[in-house]
Amino acid sequence: MPLALLALAVGAFGIGTTEFVIMGLLPEVAADYGVSIPTAGFLVTGYALGVVLGAPVMTVLGTRIPRKRMLMLLMGLFIAGNVLSALAPAFGVMLTGRVVASLAHGAFFGIGAVVAAELVAPEKKAGAIAMMFTGLTVANVVGVPLGTLVGQTLGWRVTFLVVAALGVAGLLGIARLVPELPRPGGEVRIRSELAAFRNAQVLLAMAMTVLGFGGVFAAITYITPMMTEVAGFADSSVTWLLVLFGLGMVVGNLIGGRYADRALMPMLYVSLGALAVTLAVFTLTAHTKAGAAVTVVLIGALGFATVPPLQKRVLDQAAGAPTLASAVNIGAFNLGNALAAWLGGLVIAAGLGWTAPNWVGAALAASALVLALVSGGLERRTAARTAHDDQGGRVVAGAAALDTLV
């Protein structure tokens with residue numbers, strides 16, 4: 001794997017840290033600005049919506065810019081957003097900083113995935129994408145706990161300055177290590193990028209992304225009350241449970257990248273099916289500490305094992321113009337997170353208990369599996385039809401040659 005992937009992974013590490021670290025710092029931020037914790041929660045919602053909207057907008061705006069330079073500009077935007085968040089004198093300014101940083105998120109991962117795939121041989125594309133996403137998964141193991149600790153001891157503003165410094169490191173790494181890549185072709189490129197969304201397989205892959213990873217967040221969004229109220233963990237143990245979840249994400253990401261290059265659709269069938277079963281079983285294992293801890297690791301591993309194959313699936317099906325589709329698929333992950341968190345909250349509010357979101361997650365993952373089976377079936381049918389047409393063409397050509405001889 002080329003060193004350029006390390007630079008992309010560093011950028012991904014910074015982005016992953018800033019996305020999730022705010023969850024552990026909401027009480028401190030709320031107290032500093034004199035707002036309620038639910039109001040401070042808009043810092044999470046605003047970031048997620050910024051990712052969903054920013055992914056296609058920033059990618060389209062970057063169609064006339066070489067990919068390396070666009071990645072550098074996105075990291076600059078990310079740095080500016082985090083510095084603004086760190087220095088914000090009022091809550092509204094802090095929210096603006098979060099949205100500014102989020103605008104870089106989807107386009108960075110979308111364009112970065114395309115660049116990563118172009119840096120390696122075709123049979124190693126999913127592995128290269130997984131290498132870049134390793135930065136995001138490691139952020140949940142290292143960046144988020146350390147960022148939370150720094151914020152609780154030195155102040156939350158210091159955390160965002162540190163994250164901005166990570167962005168500077170990523171920017172310098174991209175400038176030095178990522179090779180110059182050809183620039184997309186302007187208006188013609190935009191039309192071809194938009195044309196990818198007429199491909200049913202691209203839309204199916206994005207729907208799988210929303211539902212599959214949404215299944216993970218249906219459970220993980222409410223992991224704190226589930227672990228403290230049901231499993232009996234102390235509040236202080238939740239951080240370490242999230243570290244376990246992050247470790248599972250790292251392992252799942254690497255496994256997904258490795259096997260997606262060998263058998264992409266079977267990898268999706270297995271990971272989505274196992275994820276649905278694991279989430280359903282979590283309603284039982286959440287009642288014991290050991291069972292809950294093991295299941296949290298499995299959810300992280302199985303959930304992120306779907307990421308490299310889903311991202312590669314989009315790249316493969318939008319092969320002629322993959323950049324916008326790749327970026328929008330990153331937004332689809334965040335859309336799934338928001339949808340799942342909302343549905344999980346509904347079942348809790350309905351009085352179904354703290355473990356009820358696990359059933360929501362299982363249903364979402366099972367729905368993603370159904371779509372994967374439909375996508376695989378369509379692909380096999382298309383391949384069979386193409387083979388039949390090719391065979392028919394050879395027969396007609398052979399008959400014409402025989403007629404000529406006669």
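Only this structure's heavy atoms are used, side chains among them; waters, hydrogens and symmetry mates stay out. Residue numbers run from 1 in the order of the sequence given.
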**Student:** What is the distance from atom CG of L87 to atom CE of M94, rounded to the nearest 0.5 Å?
**Tutor:** 11.0 Å
**Student:** Is the backbone N or O of L279 less than 3.5 Å from a side-chain atom of T283, with the two atoms forming a donor-acceptor pair by type?
**Tutor:** no
**Student:** Check G97 against S85 and note the closest heavy-atom contact, atom names and distance.
**Tutor:** C-OG, 3.3 Å
**Student:** Closer than 3.5 angstrom, by distance alone: can the side chain of S375 be matched with the main-chain N or O of L371 as a donor-acceptor pair?
**Tutor:** no
**Student:** If only atom types and distance count, is the side chain of S237 paired as donor or acceptor with the main-chain N or O of F233 below 3.5 Å?
**Tutor:** no
**Student:** Whether the side chain of T159 engages the backbone of G147 through a donor-acceptor N/O pair (distance < 3.5 Å, no angle test) should be reported.
**Tutor:** yes
**Student:** Using the six-membered ring wherever Trp is involved, compare the ring planes of F333 and F213 and label them parallel, tilted or perpendicular (cut-offs 30° and 60°).
**Tutor:** perpendicular
**Student:** Got a sec, which residues hit side chain to side chain contact (heavy atoms under 4.5 Å, CB included) with I79, two or more places apart in sequence or on another chain?
**Tutor:** V83, A164, V168, L171
**Student:** With no hydrogens and no angle check, is any side-chain donor or acceptor of K68 less than 3.5 Å from a backbone partner on A175?
**Tutor:** yes
**Student:** What distance do N334 atom CG and N329 atom CG have between them, rounded to the nearest 0.5 Å?
**Tutor:** 11.0 Å
**Student:** Taking the side chain as every heavy atom from C-beta outward, state whether M131 and L8 have any atom pair closer than 4.5 Å.
**Tutor:** no
**Student:** Ring centroid separation for Y47 and H105, is it under 6.0 angstrom?
**Tutor:** yes
**Student:** Regarding E118 and R67, does a basic nitrogen lie under 4.0 Å from an acidic carboxylate oxygen?
**Tutor:** yes
**Student:** Indicate yes or no: at least one non-hydrogen side-chain atom of Y222 is less than 4.5 angstrom from one of E229.
**Tutor:** no
**Student:** Is the centre of the W359 ring less than 6.0 Å from the centre of the F282 ring?
**Tutor:** no
**Student:** Return the set of residues passing salt bridge (Lys or Arg N to Asp or Glu O under 4.0 Å) with R313 (not counting sequence neighbours), or none when no residue passes.
**Tutor:** E379
**Student:** Are any of the side-chain heavy atoms of M226 and N358 separated by less than 4.5 Å?
**Tutor:** yes
**Student:** Do N82 and T18 have a side chain donor and acceptor closer than 3.5 Å?
**Tutor:** yes
**Student:** How far does CZ of F304 sit from CZ of F245, to the nearest 0.5 angstrom?
**Tutor:** 8.5 Å
**Student:** Say whether T306 and S271, considering side chains only, have a donor N or O and an acceptor N or O under 3.5 Å apart.
**Tutor:** no
